[in-house]
Amino acid sequence: MSGFYRASLANDVRTGKPESLTPEISLEGGKTWVNNDALTAKQNRHPIVRVCRNANGTVVVGQNPVLNAKPLDVTFKVKELQDTIRLRDREIYMGRVQKKLILVDNLLKKRQLINVN
């Protein structure tokens, strides 16, 4: 029942016209990025992360398919959002995105993270 309860907390994101997004992920804290499509994730034994967004908010769902794995911090980015989640063993993670916007300074080509509340 706990899985159904967690899913019900995100009902507002499923209403209207939700947009399903496939983010890029980084396992090194943002140093290198890889595409997170299903085939690439399976071949490289990477975690699977998906993002669902609409006007009410953004929800992220992730799972590390490797059995008996150590907890893994996965940084993901999609469009202007970036955040880090912790995946444990084969447990399914579900939560709201913390709304960190990526701003790029065109003159310096420098990336900055800004928290939005």
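Index from 1, following the sequence. Only this structure's heavy atoms are used, side chains among them; waters, hydrogens and symmetry mates stay out.
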Visitor: Can you name the side-chain hydrogen bond (donor to acceptor under 3.5 Å, both in side chains) partners of E24, sequence neighbours left out?
Guide: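 With neighbours one apart ignored, the set is empty.
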Visitor: Return the set of residues passing side-chain hydrogen bond (donor to acceptor under 3.5 Å, both in side chains) with N64 (not counting sequence neighbours), or none when no residue passes.
Guide: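 side-chain hydrogen bond (donor to acceptor under 3.5 Å, both in side chains) list for N64, sorted by chain: empty.
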Visitor: With sequence neighbours excluded, what pairs up with D73 under the salt bridge (charged side-chain N to carboxylate O under 4.0 Å, His left out) test?
Guide: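 By the salt bridge (charged side-chain N to carboxylate O under 4.0 Å, His left out) rule, D73 matches R86.
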Visitor: Who are the side-chain contact (heavy atoms from CB on, under 4.5 Å) partners of E28, not counting sequence neighbours?
Guide: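 Expected list: S26, K31, T32.
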Visitor: My understanding is that only residues two or more places apart in sequence, or in another chain, count here; which of them pass side-chain contact (heavy atoms from CB on, under 4.5 Å) with V51?
Guide: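 By the side-chain contact (heavy atoms from CB on, under 4.5 Å) rule, V51 matches L21, P23, T58, V60, F76, V78.
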Visitor: For D37, enumerate each residue passing the side-chain hydrogen bond (donor to acceptor under 3.5 Å, both in side chains) test, keeping only those at least two apart in sequence or located in another chain.
Guide: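 Checked D37 against side-chain hydrogen bond (donor to acceptor under 3.5 Å, both in side chains); matches are N35, T40.
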Visitor: Membership question, hydrophobic clusters at under 4.5 Å side-chain separation (ILVMFWY): are I92 and V66 in the same one?
Guide: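 No; I92 is not reachable from V66 via cluster members.
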Visitor: Between L27 and V74, is there a side-chain heavy-atom distance shorter than 4.5 Å?
Guide: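 With C-beta onward as the side chain, the pair touches.
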Visitor: Any chance you could measure K70, atom NZ, to L87, atom CG, to the nearest 0.5 Å?
Guide: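 Here the interatomic distance stands at 15.5 Å.
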Visitor: With distance as the sole test, does N36 use its side chain to make a donor-acceptor pair with the main-chain N or O of I25 at under 3.5 Å?
Guide: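 Absent.
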Visitor: Looking at P47 and A41, what are the two nearest heavy atoms and their distance?
Guide: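 Smallest interatomic distance, heavy atoms only, reads O-CB, 4.1 Å.
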Visitor: If I take atom CD1 from residue I48 and atom CZ from residue R50, how far apart are they, to the nearest 0.5 angstrom?
Guide: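 I48 atom CD1 to R50 atom CZ measures 6.0 Å (nearest 0.5 Å).
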Visitor: Between CG of N54 and NZ of K17, what distance do you get to the nearest 0.5 Å?
Guide: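 The distance works out to 11.5 Å.
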Visitor: Do Y93 and V49 have side chains that get closer than 4.5 Å, going by heavy atoms?
Guide: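 Side chain of Y93 against side chain of V49, heavy atoms only: no contact under 4.5 Å found.
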